[in-house]
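The structure appears right after this line, and notes come after that.
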Amino acid sequence: MHIFFNICKRDIQLSWSQGSSSSMVVAFFIIVVSLFPLGVGPEQNILARIAVGVIWVAALLSCLLSLDRIFQADFEDGSLDQYALNPLSLEMVVMSKALAHWLTTSVPLILMAPFLGILMNLSNDAFMPLIYSMLIGTPALSLIGTIGASLTVSIRRGGVLLSLLILPLYVPILIFGVISVDTLTVGKGGNASMLILGALTLFSMAITPWAAAASVRMALD
Amino acid sequence: MNTQHTFSATNLSVARGDKVIFEGLNYEINSGQLLKVVGPNGSGKSTLLKTIAGLIHSIEGSISSDDHVITKDRDWISQNLCYLGHKNALKKEFTVFENIEFWASIWGNIDKIVLSMKQMGITYLKDTPVRYLSSGQARRAALARSLCHTAGIWLFDEPTVGLDDQGLSLLSDAMKGHMAEGGMIICATHVDLKIDESMTKTLNLADFSSSNALKTDDW
């Protein structure tokens, strides 16, 4: 188990030292969201209406930006060969890297989301539901993204292909992420959509290790 | 490591895509021996080492240690094989020590770091970030990392690339030390490793090149 956390810690250190790609993801997130008030205009009701959707879409795109670093650098410098031969199974290595990606990408986005909510005139009741839905939904973004990153690792300039592969798979997470904020804010409709969001995260947690490890093995072959 | 072990491949055939790289390959080495893999460029030296490490699957044949077939036995491989490929697997952002320490702790062998860095003559580079190393220094750092592994069998792919004369003799000493302890080494190389001929077996991959491969070349 200590290997699992060592790999995770190393990936976190790398993401903060590699020209600090984590802080760039956060900056991208802020800029994308702040474009909307400029584009849509300062009509407060409209902004409040689209706030949750805009923040979720921006989080999804920011997450996508940082996916290629999960395996790309390790593949290029040969570390992935060593990971495939180390005592910890490749399935667990993949999960440890997905966890590192979530901690370095999604957690900063979740922390930043309330401030962008203010910018988007988000209603006061919606702040906590937004944070809950992101906490429950973003692990699925990192996990599914890990599968995509492992499929495109051996392809040079696989970034665009990665987006095409992954974005359609993000659609359910986006839909239920946004709906769950709305239902929790209004207070009716129960928390069914939140439960479905949680189910999506658990489902991707169950398939990611096998799918991503298998495609990493294929990339190394 | 006190007892004698053998490590062998029987009737091994490997293909990349449609092309058969080599077929019907056999070798056998005992504790304390070096298997030197030679052959022209493209004859499959790296492919053979990766196949032994389990990174590439063979289409036929098996690899075994004593009588135990290791081809699918990942736990055995991770404990008993130490693979070093063309790429050094060093992170540019970290220092030499941090790089070696990461893998040594994964292999559960932190106390060997200092000694192995001394063996490769890179103690003075301990706190230098890898991005400032020359290619020879980086190769030495990668070799020092491999020396931290407790594995009995070393798989080195062109370990001498970039090394100067001093580096080569340090590597040669480390290999002799490993073999004296009963370890085995499988090494793809083109240079003279200055290791006693009686301890060395040579495997020329040109002898196993596939007839199919030749046909495609002619065509």
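A, B, ... follow the sequence lines: proteins, then strands. Residue 1 opens every chain. Side chains are part of it too, since the values below use all heavy atoms of this structure and drop only hydrogens, waters and symmetry mates.
- A:Phe127 has its side chain out of reach of A:Ile131: every pair of non-hydrogen atoms, C-beta onward, lies at least 4.5 Å apart.
- Among B:Ala142, B:Ser105, B:Gly54, B:Gly108, the residue with the largest count of heavy-atom pairs under 4.5 Å with chain A is B:Ser105.
- Aromatic rings of A:Phe176 and A:Trp56 (six-membered ring for Trp) have centroids beyond the 6.0 Å cut-off, not under it.
- At a 4.5 Å heavy-atom cutoff, the contact between A:Phe75 and chain B is made by backbone atoms alone.
- Side-chain contact between B:Arg139 and B:Asn88 is present, with at least one heavy-atom pair separated by less than 4.5 Å.
- The contact between B:Leu90 and chain A is made entirely by backbone atoms, counting heavy-atom distances below 4.5 Å.
- Put simply, the side chain of B:Lys91 reaches to within 4.5 Å of the side chain of A:Ser79, judged on heavy atoms.
- Looking at A:Ile7, both its backbone and its side chain come within 4.5 Å of chain B, counting heavy atoms on both sides.
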**Test log, rule side chain to side chain contact (heavy atoms under 4.5 Å, CB included), inputs B:His57 and B:Ile59** = CA-CA 7 Å; B:His57 297 293; B:Ile59 50 174; over 6 Å; no
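- For the set A:Asn6, A:Ile3, A:Leu85, the count of heavy-atom pairs under 4.5 angstrom toward chain B peaks at A:Leu85.
- Judged purely by distance below 3.5 Å, without hydrogens or angles, the side chains of B:Ser65 and B:His5 never pair a donor atom with an acceptor atom.
- Contacts of B:Arg145 with chain A are made by side-chain atoms alone, with heavy-atom separations under 4.5 Å and no backbone atom involved.
- Counting heavy-atom pairs closer than 4.5 Å to chain B, the top-ranked of the candidates A:Asn86, A:Asp74, A:Asp81 is A:Asn86.
- Neither the backbone nor the side chain of B:His86 comes within contact range of chain A, judged by heavy atoms closer than 4.5 Å.
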